[in-house]
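For reference, the structure is listed below as structure tokens.
What you are looking at is a predicted structure, and each value in this text was computed from that prediction instead of being measured. Below, each value reflects all heavy atoms present in this structure, side chains not excepted, and no hydrogens, waters or symmetry copies.
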2 protein chains.
Amino acid sequence: MNLSQLAKELNLSISSVSKALRDSHEISSATKKMVMAKAKELNYQVNPFASNLRKQKSKTIALVVPEVANDFFGPVISGMESVAQQKGYHVLIYLTHEDMQKEISIIKLLQNGRVDGIMMSLSAQTTNTGHLEELKEMPLVFFDRVADHIDVPKITTDDFNSGFMATDHLIKNGCKRIAFMCISQNLSICKKRMNGYLEALKKNKIERENSLIIPCIGDHEENKDSIRKLLKRKNRPDGIFASVEKLAIATYEICEELKLKIPQDVKVICFSNAQTVALLNPSLTTITQPAYEMGEKAATILFKLIENKRDPFLLENTILDSKLIARDSTKSKRKKNQNVL
Amino acid sequence: MNLSQLAKELNLSISSVSKALRDSHEISSATKKMVMAKAKELNYQVNPFASNLRKQKSKTIALVVPEVANDFFGPVISGMESVAQQKGYHVLIYLTHEDMQKEISIIKLLQNGRVDGIMMSLSAQTTNTGHLEELKEMPLVFFDRVADHIDVPKITTDDFNSGFMATDHLIKNGCKRIAFMCISQNLSICKKRMNGYLEALKKNKIERENSLIIPCIGDHEENKDSIRKLLKRKNRPDGIFASVEKLAIATYEICEELKLKIPQDVKVICFSNAQTVALLNPSLTTITQPAYEMGEKAATILFKLIENKRDPFLLENTILDSKLIARDSTKSKRKKNQNVL
DNA sequence: TTTATCTACTACATCGTTTTCGTGGATTTT
DNA sequence: AAAATCCACGAAAACGATGTAGTAGATAAA
């Protein structure tokens with residue numbers, strides 16, 4: 001069922017039917033009613049490709065994320081999809097699986113007009129961003145894992161401050177030697193979190209120790225190996241600041257293996273959005289990011305960008321607050337239970 | 001940059017260029033090389049809408065899921081996306097948020113040829129399936145939450161058997177009064193899991209008790225209320241079989257609140273794919289579904305269906321095995337640690 | 001020599017919408 | 001009454017790619 005068949009049924013021209021369906025003022029309201037009724041009756045649906053081709057718009061956006069089996073990206077996607085659904089947009093999803101080559105080929109794919117805009121979070125292995133700089137005309141927003149030097153809207157949490165808070169929290173609970181674990185050397189979030197960590201050390205007059213900064217860029221077993229080595233050292237750390245959930249899980253596993261008690265022997269804090277952290281043994285102190293809101297915000301800004309490309313205030317970065325939720329994995333002997341800061 | 005501009009640059013006709021790019025035998029290899037080179041040089045990309053319109057194919061599939069902030073659907077999506085990426089397909093994602101009305105409107109949206117096929121998992125609130133029966137011509141596969149009476153390929157795990165195993169496991173560990181909690185009265189997975197539960201009771205000569213079958217179809221707080229009431233009864237259950245992770249979490253929370261010990265006072269088993277279940281306090285016995293494989297399988301079958309609609313063997317249902325992983329939440333006094341069954 | 005077959009290309013219709021530019025008739029303005 | 005404006009609609013040209021149906025020119029078969 002297309003416009004021309006519908007027009008024939010109605011004894012009208014194609015253009016009149018088209019206009020009637022889009023509620024044009026050129027068509028009398030009587031005719032509009034007839035057309036609408038017939039269209040409903042025959043279940044007419046606009047052909048999206050013809051329409052997209054003609055209008056040079058797709059009402060579709062792309063979401064490019066490293067992975068989705070993850071308690072952070074899940075709610076982010078949910079937030080984005082809600083906004084998109086409400087705005088009548090469609091969402092194409094692409095996973096980079098943390099692989100820069102995949103990221104590059106996905107971005108190439110998106111340069112042919114298939115989408116009106118892109119929301120993305122960088123892969124951990126992305127070391128240069130030439131592929132993104134070529135997207136000059138394409139509305140683009142970054143969320144969470146951003147490329148700082150690319151001049152597009154960015155939605156992040158305050159990673160520096162979160163890193164500072166987390167480290168400071170460990171120190172306040174008695175830690176003297178704190179290890180920092182991160183999944184990438186390239187990601188801005190990692191750098192910022194680390195700078196927050198370093199700043200907290202400095203403020204508390206603790207000397208930086210490079211051997212306590214552990215890159216965990218391998219698979220789960222490799223990361224466990226790094227952590228095992230770390231915790232088997234003679235002067236092992238008494239606090240661990242993991243920047244992603246899976247590293248905290250690995251830490252718990254290694255502590256069990258080495259019969260180290262959390263928090264007595266090692267305290268652990270971690271960025272995480274999992275629902276189960278409060279039920280872990282011991283419950284895990286986390287920095288929790290407003291994931292759903294981040295998704296909503298990113299989508300909202302992208303749509304503004306699509307609809308009104310040159311609005312300069314859009315380029316301001318949006319920084320959302322994370323929460324430190326203290327639980328048992330960082331509890332010191334003297335302190336009682338703590339709550340949300 | 002489109003075909004006609006490219007043709008002008010090359011002093012060739014549009015059709016020759018088009019054919020050259022698609023490696024047609026009508027074009028000499030010398031010409032093909034020229035065209036390819038020029039296309040690369042000028043960064044020519046096929047306009048997907050023109051192409052889709054002409055070919056009446058979109059190389060795009062839709063994924064319709066209840067939610068994504070979830071340890072099951074995350075890996076499923078990952079599996080699907082991998083297969084799609086490899087096959088050169090695009091994936092549109094739509095969330096129903098467990099809402100039948102949203103599901104209906106999403107399906108309506110997809111009837112205009114935007115996608116070549118649909119993979120879906122029903123919303124928990126979907127009570128009738130008229131909207132899906134209208135999809136007669138559209139390649140469709142169900143995964144996990146299927147509509148049994150619709151004659152399309154279905155990829156599931158063996159829910160009856162899983163329900164049986166879970167219940168039998170509880171009984172073998174000493175439970176006499178086992179509650180069954182499910183998120184929907186409609187979903188086939190719930191019915192099958194419940195039938196497995198009932199069959200295990202029968203086999204072990206335990207009488208069915210309807211007050212132990214608890215529908216948990218509300219939000220988190222409502223579900224917690226139901227569980228609280230359940231566990232406050234004089235003759236409370238000594239075993240709980242939760243069919244989704246969030247119900248197990250709610251159970252843990254209520255047990256803590258009521259000072260009930262797991263597994264001494266109540267044993268808990270649950271369907272879950274979370275990475276953290278082994279670290280919970282106590283570690284949670286789970287039935288774990290092969291989520292990633294399910295996604296891969298569903299996508300693979302959908303592509304076969306798209307490419308070769310009338311292959312009858314495709315209609316056979318695919319049933320994957322789940323694993324029961326025994327942990328501390330179901331441990332009986334006499335038994336030692338148990339392992340994968 | 002005539003006819004058939006290839007080869008390597010081109011012209012053009014088509015996919016289904018959207019939108020610009022008309023147009024004939026009615027209504028209003030001068 | 002002539003001119004201007006409006007109203008409600010239609011014709012046709014895009015949008016860009018694809019594929020059918022040709023067509024010259026060259027080679028092969030009859």
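The nearest whole Å value for the distance from the CG atom in B:Asn2 to the C1' atom in D:dG16 is 6 Å. Rounded to whole Å, atom P of C:dC15 lies 18 Å from atom CG of A:Asn52. Rounding to whole angstrom units, CD1 of residue B:Ile27 and C1' of D:dT20 are separated by 14 Å. Nucleotide D:dA17 holds its C1' atom 13 Å from the CD atom of A:Gln56, rounded to whole Å. The CD atom of A:Gln5 sits 8 Å away from the P atom of C:dG16 (whole-angstrom rounding). At whole-Å resolution of the value, NE2 in B:His25 and C1' in D:dG19 are 11 Å apart. Rounded to whole Å, the distance from CE on B:Met1 to C1' on D:dC15 is 16 Å. Spacing between atom NZ of B:Lys19 and atom C1' of C:dC9 amounts to 8 Å, rounded to whole angstrom units.
Using a 4.0 Å heavy-atom cutoff across all strands shown, B:Leu12 reaches sugar-phosphate atoms only and no base atom. Residue B:Ser24 is out of contact with every strand shown, counting any heavy-atom pair closer than 4.0 Å. Within 4.0 Å of A:Ser28, counting heavy atoms only, lie sugar-phosphate atoms of the nucleic acid but no base atom.
Counted by atom type alone, A:Gln289 and A:Asp144 present one or more donor-acceptor pairs between their side chains at under 3.5 Å. Between the side chains of A:Thr127 and A:Asn186, not a single donor N or O lies within less than 3.5 Å of an accepting N or O.
Scanning atom types as modelled, no donor and acceptor separated by under 3.5 angstrom connect the side chain of A:Lys55 and the base of C:dT19. Looking at A:Glu26, its side chain comes within 3.5 Å of the base of D:dC9 through a donor and an acceptor atom. Evaluation of atom-type donor-acceptor distances gives a pair under 3.5 Å for the side chain of A:Ser15 against the base of D:dA11.
Contact check, B:Ser51 against D:dA17: no side-chain N or O comes under 4.0 Å of OP1 or OP2.
Remark: the backbone N or O of B:Glu296 is paired with a side-chain donor or acceptor of B:Thr300 at under 3.5 angstrom.
The side chain of A:Ser16 sits closest to D:dG10 out of D:dG10, C:dT17, D:dA17.
Residues B:Val91 and B:Thr60 fail the side-chain proximity criterion, which asks for heavy atoms closer than 4.5 Å.
In this pair, A:Phe303 and A:Tyr89 present their aromatic rings tilted. The plane angle is within the 30 to 60° band.
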